[in-house]
Structure formats: structure tokens, C-alpha cells
Amino acid sequence: MTTPGESASETWPLWEVFVRPGRGLSHVHVGSLHAPDEALAVRNARDLYTRRSEGVSVWVVPAAAITTSDPDAKGAFFESPAGKDYRHASHYSASNGVKHL
Amino acid sequence: MTASVEEQQFTDLIAADSRIEPRDWMPDAYRKTLVRQISQHAHSEIIGMQPESNWITRAPSLKRKAILIAKVQDEAGHGLYLYSAAQTLGTSRDEMTDALIAGRARYSSIFNYPAPSWADIGSIGWLVDGAAICNQVPLCRASYGPYGRAMVRICKEESFHQRQGFEILLELMQGTAAQREMAQESVNRWYWPALMMFGPPDDDSPNSAQSMKWKIKRHSNDELRQRFVNMLVPQAAVLGVTLPDPDLRFNEATQLYDLGEIDWTEFHEVLAGRGPANAQRLQRRRDAHDDGRWVREAAAAYAHKMAAKPATDTADADVPNEAAS
Amino acid sequence: MSVASADVAEYATWLGDDSLILAQRLGELISRAPELEEDVALGNIALDLLGHARSLLQYAGTATAQNEDDLAYWRTEPDFRSAHLMEQPNGDFAHVIARQLVSAHYLYELYARLQASADLTLAAIAAKAVKEVNYHRDHAAQWTLRLALGTDESRRRMVAALSDVWPYVDELFRDEPFIDRLDGIAARPSTLRTAFDAAIEPVLAEADLAVPRGFTAAGGGRRGVHSEHLAFVLAEMQVLTRAHPGAKW
């Protein structure tokens with residue numbers, strides 16, 4: 001299932017834009033834009049989403065190329081982590097107060 | 001059965017002040033309201049470029065010219081952020097653009113007023129953007145995620161828009177007699193239309209109540225209008241301009257300003273597309289769209305040719321003949 | 001900022017006017033681009049060029065105790081030094097791109113060279129500008145490819161635009177006598193031509209466009225002899241400011 005809003009009928013396809021705000025940080029989704037191809041998409045992204053020095057790197061991805069988890073099975077899809085508190089450090093209380101743990 | 005579970009989930013998310021995201025189930029009316037509101041907002045940004053871009057070539061100093069270009073450019077950007085948010089609801093930008101240029105979509109009627117004077121660039125920034133910011137800040141918390149996120153970005157960028165408008169007027173008011181007159185004349189024309197930007201009075205605003213229930217809207221029209229005037233009065237004093245409302249006075253009892261009567265007949269006239277510049281604004285957008293068609297098609301055609309082609313050095317390929325392969 | 005000598009001021013005016021007039025032309029386009037994304041892109045380019053113009057005119061003004069606005073708004077046509085290329089009307093998008101392709105390639109070679117100028121102010125302006133016009137060069141090249149190789153209509157328009165713009169190329173590389181006095185300071189125009197050709201020809205080749213042959217426009221902008229278009233550009237640009245002598249904005 002592709003990203004919401006992608007439409008095959010448009011003259012220029014939709015691209016999702018991700019910007020790395022600074023070195024040491026991950027690219028974060030900032031929005032989308034239209035462009036005829038990847039070369040112009042990345043340039044449009046630079047012009048549109050980094051006018052105020054918001055980024056040091058830009059990714060563009062065709063909206064049609066993104067696969068998302070199935071929303072109808074949302075509950076089931078993300079059920080597994082629930083009840084597995086032992087994945088989190090906060091689960092371990094017997095060691096409270098012991099330093100450098 | 002499932003629909004009601006989903007509906008309950010939606011209601012719970014709204015109640016918990018959480019956000020609705022694109023793939024969530026949502027009532028049709030919620031989706032429709034959002035598409036209507038976001039696309040109208042996007043169109044307003046795009047049409048709103050025109051009265052100001054008309055002054056780019058005539059800006060009276062190079063500094064003002066640069067500021068104005070940056071501002072009009074921001075408006076194109078804001079339109080794009082908003083179209084992108086609306087598109088997540090399943091309406092493509094092409095559809096929204098078609099609706100706009102066919103005259104089927106609304107945009108803020110404020111842009112149907114002409115901007116014949118340089119001072120109007122000041123008034124648009126101070127009054128029109130000021131009113132817009134009052135409307136928009138609460139929208140950063142709109143229940144629909146992509147809309148709220150677009151608004152956060154827009155509000156952050158827009159903070160300079162109102163200031164630059166205020167400073168244009170300030171410079172005029174501290175200037176020659178002709179400049180002061182230019183500023184006051186412009187404020188006289190824009191004050192009332194700016195107040196009308198908050199929409200009809202609460203008792204005459206059919207969609208407001210539902211939008212507030214859905215937390216798309218957080219404050220009523222009258223509430224925001226009042227808040228705006230309260231900010232405006234001291235700012236007008238700093239500028240030295242007179243707000244053109246003889247009935248405007250501070251009410252000790254309510255600690256708010258009492259406003260004169262707003263001419264809602266004019267509002268409905270302009271809203272119905274009978275504003276002075278309505279036809280002109282739409283024609284310009286239509287022309288840009290039509291004149292650009294061959295360019296958009298050329299770029300799309302080029303992309304198809306490149307995608308169809310095996311990865312060879314493009315400089316060596318004989319492109320015109322390759323379309324047949 | 002140091003004070004420019006009369007010759008350096010003349011040279012800075014020459015460069016500043018090119019950028020100012022080109023920015024003014026691009027400014028006409030904003031809200032009229034073929035797509036909204038392109039409005040933003042052209043806006044960025046116009047802002048870059050206007051920035052260069054302001055720095056250069058401000059520097060030129062130091063010679064006569066004038067500021068950037070005195071020079072932009074209160075000079076008349078014969079005192080402008082813009083090349084005819086920059087004065088050409090926008091026309092369709094292909095003409096905009098053809099003018100951008102030529103001007104950005106020229107400006108790139110110019111600023112690349114000027115970074116090493118013995119005049120430190122010019123060198124500093126060039127060092128910032130060269131990065132920006134490099135992007136303009138790329139923007140124009142990308143669009144040249146798409147228009148030239150896109151559809152039959154876009155190709156026809158791109159070919160026509162290039163041949164309309166090309167007569168104005170020569171003027172950019174013509175030396176004027178005062179340049180002799182700016183050895184080590186100015187980038188002598190005639191010496192930039194080889195690098196310009198070497199950079200632009202591969203773009204044209206990739207777009208399957210031949211270098212147009214035909215007439216060479218007389219030019220004369222550097223001596224204050226302008227195309228018919230400049231008077232209209234200036235009339236519009238200066239109209240408000242001149243109605244209010246002495247006013248601040």
C-alpha cells in the first residue's frame with residue numbers, strides 16, 4: 001500500500017521529502033512535492049524545504065514507492081510489543097539504586 | 001459492526017486530544033470539511049501571491065524588493081505545504097487546481113481587494129497576515145496531523161511577514177506627509193476586510209460548531225476577531241495610524257474593545273466572487289496554469305523517455321529516435 | 001567596506017547592473033511560473049542575483065558616497081552598464097531558461113575567476129556568488145535538457161529561444177578600454193570565453209542543440225547604449241521611488 005494521496009493521474013508524480021536537519025541527526029519526513037523526475041524532485045525539495053537552512057541533506061522518494069503497514073490490521077500489527085515490558089530498562093526494579101547499571 | 005468500532009476509535013482519539021493520521025478511519029464529513037478548509041487555505045496562499053508580486057518590480061528600495069520576493073516565495077511554499085496536507089486525504093493537487101481555476105473553489109476573499117498603493121504591502125503584512133496568524137496559530141493543534149504539521153511550519157515562517165508589513169507602515173508614518181497619507185489611506189481600506197477574515201459572527205457561522213467539536217477549529221470567529229483587535233489597538237498607537245472605526249473603544253467592564261458594526265453585506269458580496277479583483281486574480285492563475293502546460297508535459301515526457309531507456313550514457317544516446325523502441 | 005576607486009566602481013557597477021536587471025526580470029515571473037515548485041525555484045534565483053547586485057552596487061557607491069538605492073533608483077539609462085542579454089524580456093519559459101543558461105554560465109566563470117581578485121571586497125562577493133550561480137547553472141541545464149528533449153512543442157520552443165538569445169552572448173565577453181587599468185582586479189571578459197564555451201557546449205550537446213549561428217547583436221550596454229527594453233524596465237523599477245524624492249522606505 002502506497003503513501004496517502006499519491007495519484008497516477010497527475011502530470012507530475014508526488015514525492016515524499018525527508019530532510020536531515022544537521023549532522024548526527026536522522027532524515028525526518030517534512031512533506032511532499034510534485035516533480036517530473038528524481039533530479040528535479042531533489043532540487044525542488046532543496047528550494048522548498050531548506051530555504052531557511054533547515055537541512056544539510058535531502059532525500060526524495062516517489063510516493064508510489066513507499067510501502068506502509070496495513071491500517072486495517074493496525075491493532076494486530078502493533079500488538080506484539082505490548083506486554084513485553086522486559087524490553088525496557090524500566091522493567092528491572094530489583095537493581096534500583098545500584099550505580100552504573 | 002466494524003464501522004462503529006472504528007468510529008469509537010476516532011472519537012476516542014479526538015477526545016484524548018490525539019491526532020488523526022491519513023490512514024485512520026474518519027467520518028466522511030470530517031474528511032470533506034478538512035479537504036474544503038485546507039484546499040481553501042492553500043488556494044488563498046497561491047492567490048495571495050498576486051497583489052504582492054505586483055509590487056516586486058516596483059518596490060521602492062532593493063532591501064524591500066528582496067524582502068518582498070522572499071515573502072511571495074514563502075506564500076508559494078505555504079500553498080505547497082497545504083496542498084500536500086490536503087493530498088493525504090485523497091484529493092490530488094491537479095483536482096484542487098482545476099477546481100480553483102474553474103472558479104469552483106473558494107479562497108480567502110481578502111485577496112479580491114486590489115493593492116494599488118505601496119502602503120498596501122504594509123497593510124497586507126500587518127493586518128491581513130496579522131489576522132491570518134491569529135487564525136492559524138490555533139490550527140497548529142488541529143486534530144488532523146498533516147494539517148497541524150503544515151501549520152506549525154507555516155506559522156514559524158510567517159512570523160516575519162507581519163513584522164515586515166508593520167515596519168513598512170512604520171517607515172511611512174515616520175516619513176514625508178505624502179508617505180503618512182499613503183499609509184493611513186491604505187489602513188482605512190484594509191482594516192474592515194481584515195476583520196472580516198475571521199468569518200461571519202458566531203451565531204451566523206453554520207460550520208463552526210462541528211469543526212470545533214472535531215478540534216479542527218479551536219476558537220470561535222468572534223473570539224479570534226476580538227483577540228486580533230486587542231492586539232491591533234496598541235500597535236496602531238505605535239504606528240500613529242487611526243483605525244477607521246469611530247465606535248472602537250475600550251470597555252472597562254469586559255476589558256475588551258467594543259467594535260463598530262461590520263458591513264456583512266459587503267462580506268457576502270466579496271465572498272460570492274463579486275469582489276473588485278476576483279475575475280482578475282482567477283484569470284492570472286488560469287493563464288499561468290495554461291501557459292505552463294507545455295512545460296509540465298515536456299518534463300513528464302522527458303522523464304518517461306529517461307525511465308524507458310537502459311542505463312547508458314545519455315549524452316551518447318540518440319533520444320528522438322528512441323521513443324519508438 | 002573599503003572605498004572603491006573610480007575604475008573599480010565602474011567595474012562593480014557593470015557587474016551589479018547585470019545582476020540587478022536580471023533579478024528584476026525574474027521578479028516579473030514570480031506567481032506566473034509553469035508550476036508552483038518553479039515559482040519557488042525562480043524566486044530563489046532572483047533573490048541570489050539581487051543579493052549580488054546589492055553587494056556590488058553598495059561597493060560601487062563607496063566611490064561617490066552613494067548607496068545601493070541611489071544607484072539603482074536615481075541613475076538614468078545611459079548610466080546603467082547592464083548587458084543586453086539581461087535586459088531581454090522574459091518571453092515564454094524556454095526563453096527564460098535560455099537566458100538563464102547563458103547568463104549563469106557566464107556569471108559562473110566570472111565569479112570563479114574573480115575570487116582571486118586583488119580587490120578583497122570583489123573577491124569576497126565573488127566567493128559567495130560563485131556557489132549560488134553554480135546552482136543556477138545546474139537549474140538552467142536541467143530545464144534545457146527537459147525542454148529540448150521533452151515534446152515536439154517544447155523542443156521547437158527551446159531551439160527558437162536559444163537562437164533568439166545567442167546573439168547577445170558576444171557582448172558578455174567584450175573588453176572595454178578601462179579594463180586595462182584593472183589588471184589583477186577585474187576578470188578580463190575576453191579571457192572567460194574559452195571556459196564558458198567548454199562548460200556550455202556539453203550541455204547543448206546532451207540536449208541535442210546546436211550552437212546557434214547567425215548575427216551578433218551590437219551590444220553597447222557597458223558604454224550606456226542599451227536595448228529598447230531597458231527604459232521600460234527602469235521606468236517600472238523606479239516609478240515609486242522617484243515620485244518621492246528624499247523619502248526613506
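Below, read A as the first sequence line, B as the second, and so on, with proteins coming before strands; counting in each chain starts at 1. Heavy-atom basis, side chains included; hydrogens, waters and symmetry copies ignored.
Each of C:L50, C:T241, C:L57 has some count of heavy-atom pairs under 4.5 Å with chain B, and the biggest count is that of C:L50. Contacts with chain B were tallied for C:L26, C:L20, C:I30; C:I30 has the most, counting heavy-atom pairs under 4.5 Å. Of the listed residues (C:M237, C:R54, C:Q142), the one with the most heavy-atom contacts under 4.5 Å to chain B is C:R54. Of the listed residues (B:E297, B:R64, B:Q179), the greatest number of heavy-atom pairs within a distance under 4.5 Å of chain C belongs to B:Q179. When the candidates B:G292, B:P60, B:A288, B:S61 are compared by the number of heavy-atom contacts under 4.5 Å with chain C, B:P60 comes out ahead. Contact tally against chain C (heavy-atom pairs below 4.5 Å) for B:E52, B:R293, B:H304, B:R285: the top residue is B:R285. Each of B:I69, B:I46, B:D74, B:T176 has some count of heavy-atom pairs under 4.5 Å with chain C, and the biggest count is that of B:I69. In terms of non-hydrogen atom pairs under 4.5 Å with chain C, the most contact-rich of B:A59, B:A300, B:G77 is B:A59.
Between B:Q174 and C:K248 the shortest side-chain heavy-atom distance does not fall below 4.5 Å. Side-chain contact check for B:D291 versus C:R32: every heavy-atom pair is 4.5 Å or farther apart. Side chains of C:L145 and B:Y302 form a contact here, defined as non-hydrogen atoms less than 4.5 Å apart. In this structure, the side chains of C:L147 and B:W294 come closer than 4.5 Å at one or more pairs of heavy atoms.
Heavy-atom neighbours of B:R106 CZ from other residues, nucleotides or ligands within 6.0 Å: at or below the threshold of 12. In the displayed structure, C:E236 atom CD is contacted under 6.0 Å by more than 12 heavy atoms of other residues, nucleotides or ligands. Within a 6.0 Å sphere centred on CZ of B:R163, heavy atoms belonging to other residues, nucleotides or ligands number 12 at most.
The heavy-atom pair separating C:N44 from B:Q73 by the smallest distance is OD1-NE2, 2.5 Å. Looking at every heavy atom in both residues, C:T151 comes nearest to B:A301 through CG2-CB, 3.8 Å. Contact between B:T57 and C:G27 at its shortest, heavy atoms only, is CG2-C, 4.4 Å. Considering all non-hydrogen atoms of both residues, C:S31 and B:M49 come closest at CA-CE, 3.7 Å. The two residues C:L47 and B:A66 make their nearest non-hydrogen contact at CD2-O, 3.3 Å.
For a residue to count as touching a neighbouring chain, one of its non-hydrogen atoms must lie under 4.5 Å from one of that chain's; by this rule B:L170 does not touch chain C. Using a 4.5 Å cut-off between heavy atoms, C:A33 touches chain B through its backbone atoms (N, CA, C, O) alone. If you measure heavy-atom distances from C:R25 to chain B, you find no contacts under 4.5 Å at all. For C:F93, the parts sitting under 4.5 Å from any heavy atom of chain B are the backbone and the side chain alike. Proximity to chain B involves both the backbone and the side chain of C:A247, based on heavy atoms less than 4.5 angstrom apart. The part of B:R296 that comes within reach of chain C is its side chain, from C-beta onward, which places non-hydrogen atoms under 4.5 angstrom from that chain.
Put simply, the side chain of C:D69 gets close to the backbone of B:L62: a donor and an acceptor are under 3.5 Å apart.
The pair B:R93-C:E37 meets the salt-bridge criterion, with a side-chain N (NZ, NE, NH1 or NH2) lying under 4.0 Å from an Asp/Glu carboxylate O.
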